[in-house]
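Owing to the predicted nature of the structure, the values given are computational and were not obtained by experimental measurement. For ligands, and for the atoms within them, numbers begin at 1 and follow the listed sequence.
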Amino acid sequence: MITKLPLDFKNKMKNLLGDEYEEFIKAYEYENKQSFRLNLLKGTKEIFLKKHTFTTSPIPWIDEGFYYSKDDFPGKHPFHHAGVYYIQEPSAMTVVSLLNIKPKDRVLDLCAAPGGKTTFAASKLENQGVLVSNEIVQKRSRILLHNVERMGIKNSMITNEDSHKLSKYFSEFFTKIIVDAPCSGEGMFRKDPNCCDEWSTNNVLKCAERQNEILENAYKMLSPGGQLIYSTCTFSPEENEMAIDKFISKFPDMKIIELPLLEGFSQGRPEWTNSQNPDLKNTIRLWPHINKGEGHYIALLEKDGMPKDIKPTSNKTNLDKKQMEEFNKFFKETLNISIDDLLEDGILKIFGESLYLTPYQLNTIELKGLNILRNGLHLGDFKKNRFEPSHHLALALKKDQVKYSHNFNSSNVKKYLLGETLDVEDSFNGWTLILIDGYSLGWGKSKNGLCKNHYPKGLRVNK
Ligand SMILES: C[S@@+](CC[C@H](N)C(=O)[O-])C[C@H]1O[C@@H](n2cnc3c(N)ncnc32)[C@H](O)[C@@H]1O
């Protein structure tokens with residue numbers, strides 16, 4: 001592996017790290033550690049610990065993070081289909097763990113795909129407040145959408161835009177912003193040696209320019225009193241301390257907030273910048289030779305001032321009477337929750353045949369012209385004269401929120417994931433939530449003692 005590392009990269013790191021370089025470079029020979037983070041929207045850590053059969057050990061600084069053994073394949077386990085966890089390396093998890101997200105926050109994840117930071121932010125929001133997850137690359141924004149659905153996130157709007165256009169819509173709107181910037185990816189070299197081929201000194205400088213532009217657009221969207229967390233998975237000072245230094249010199253109302261120096265964390269390096277601003281010491285570096293992860297740089301910044309509150313709107317729906325009746329019928333037959341409870345967090349909105357529960361905070365924004373893949377929770381679709389619930393809704397529900405459910409375990413759930421009709425003897429006709437060890441997985445529909453499989457075709461597994 002070391003031989004594949006670009007020579008200019010090795011020389012640069014040698015220059016920067018001095019005596020520490022040998023330790024740093026040796027880390028490229030270590031096997032990378034595999035880990036996942038629990039999705040607390042699906043259930044508590046205590047419940048998960050009773051149910052899982054993996055060989056895990058806790059990641060010391062992430063409460064819901066676990067290393068797993070290379071003999072386990074959590075990505076292939078039915079729990080993965082149910083969004084019980086997100087496979088993510090420990091340094092990447094650290095970013096959102098250091099952002100103090102509260103349930104009422106309005107959060108923007110500006111460079112969000114495939115969704116590692118977004119799904120963590122959503123878990124901290126506890127399905128309250130609002131999360132706008134943006135991804136500039138269309139194909140990647142679809143993967144992001146899939147992960148948001150899988151994790152049962154109700155309050156996220158997914159957009160496919162560049163940061164400049166987005167900033168025109170959301171002036172000073174967000175109380176928390178995550179900028180997990182596109183970077184030269186030096187921290188990915190161990191996990192994916194092909195990343196070495198894309199590296200060049202020139203590319204590092206291009207990335208720094210792009211980061212500068214993204215940060216400036218993020219600034220426009222940050223509310224007074226709001227916090228912005230910036231991260232990269234690269235080591236170059238140009239994309240890290242120097243990028244932050246440039247940003248705070250341009251925007252003096254942004255100040256660096258000190259991040260905790262937990263075990264295995266290292267301080268930022270002001271000596272690698274022209275200004276040598278000592279505040280840069282309060283940003284952190286995660287090095288692969290010090291910390292069991294791939295490496296990251298993280299800076300937390302705050303804008304002067306006080307955020308404004310957004311009040312819920314009284315207008316709760318744009319459905320016509322007939323649509324409301326059909327939806328009510330489905331609701332009463334299938335769910336154990338009241339429509340009033342549902343509407344506490346959002347507004348029912350119909351687009352074409354599809355019905356969404358959209359976060360009320362976004363009702364204050366003119367969204368016309370924005371490329372939106374999902375606005376809130378897709379509840380389902382009106383088909384002829386019936387309402388058909390969506391897969392997104394199934395994943396957002398818990399067992400006690402539905403009238404009927406069938407619970408499977410990892411040895412007998414395969415039939416469902418394959419898309420086959422289920423051998424259950426139901427005495428009722430209607431929608432039933434399929435569960436794996438108590439976690440929602442998708443819909444089935446019972447009729448005359450047979451349960452038809454509604455697991456989406458694109459997600460089914462092969463024999
Ligand atoms: C480091 S990745 C994000 C990883 C993601 N936050 C996660 O935790 O799963 C950076 C993302 O920025 C996107 N990107 C590339 N150019 C961009 C630009 N000019 N503005 C905003 N995002 C960009 C990339 O497509 C990529 O998905």
With a 4.5 Å heavy-atom cut-off, do Met221 and Leu110 have their side chains touching?
-> yes
Could an N or O of ligand 1 be found under 3.5 Å from any N or O of Arg140, whether backbone or side chain?
-> yes
Could you tell me which atoms of ligand 1, counted from 1 in the order shown, lie closer than 4.0 angstrom to a heavy atom of Arg210?
-> 16 (N), 19 (N)
Nearest-neighbour protein heavy atom for atom 10 (C) of ligand 1, which is reported as residue plus atom name and distance = Asp180 O, 3.5 Å
Which bit of Glu213 is near ligand 1, meaning a heavy atom under 4.0 Å away: side chain, backbone, both or neither?
-> neither
Distance to 0.1 Å, residue and atom name: give those for the protein heavy atom nearest to atom 9 (O) of ligand 1.
-> Gly116 N, 2.8 Å
Test salt bridge (charged side-chain N to carboxylate O under 4.0 Å, His left out) on Glu161 and Lys168 and set out the steps.
-> CA-CA 11 Å; Glu161 289 296 354; Lys168 301 266 175 222; over 6 Å; no
Output yes when Asp109 and Lys117 qualify as a salt bridge under the 4.0 Å nitrogen-oxygen rule, no when they do not.
-> no
Identify, for atom 23 (C) of ligand 1, the protein heavy atom at the shortest distance, and state residue, atom and that distance.
-> Ile136 CG2, 3.3 Å
List the closest protein heavy-atom neighbour of atom 24 (C) of ligand 1: residue, atom name, distance to the nearest 0.1 Å.
-> Glu135 OE2, 3.6 Å
Is it the side chain, the backbone, both or neither of Pro114 that has a heavy atom closer than 4.0 Å to ligand 1?
-> both
So for Ala112 against ligand 1, with non-hydrogen atoms under 4.0 Å, the contacting part is backbone
Of the protein's non-hydrogen atoms, which lies at the shortest distance from atom 20 (N) of ligand 1, and what is that distance?
-> Ile214 CD1, 3.4 Å
Specify the protein heavy atom at minimum distance from atom 5 (C) of ligand 1: its residue, its atom name, and the distance to 0.1 Å.
-> Ala113 O, 3.2 Å
Taking the six-membered ring of Tyr28, is NZ or CZ of Lys10 closer than 6.0 Å to its centre and within 45° of its axis?
-> no
Protein heavy-atom partner closest to atom 12 (O) of ligand 1 - residue, atom, separation in Å = Cys111 CB, 3.4 Å
With the threshold set at 4.0 Å, does a side-chain nitrogen-carboxylate oxygen contact exist between Lys176 and Asp105?
-> yes
Pick from Lys33, His296, Gln34: which one makes a side-chain contact (heavy atoms from CB on, under 4.5 Å) with Glu89?
-> His296
For Ser184, the option from Glu198, Lys206, Glu239 that meets side-chain hydrogen bond (donor to acceptor under 3.5 Å, both in side chains) = Glu239
Can a salt bridge be assigned to the pair Glu29 and Lys26 using a cut-off of 4.0 Å between side-chain N and carboxylate O?
-> no
Side-chain donor/acceptor of Asn160 to backbone N/O of Asn371, under 3.5 Å = no
Run the numbers for me: atoms of ligand 1, each under 4.0 Å from some heavy atom of Val137, listed by number.
-> 25 (O)
Part of Lys117 within contact of ligand 1 (heavy atoms, under 4.0 Å) = both
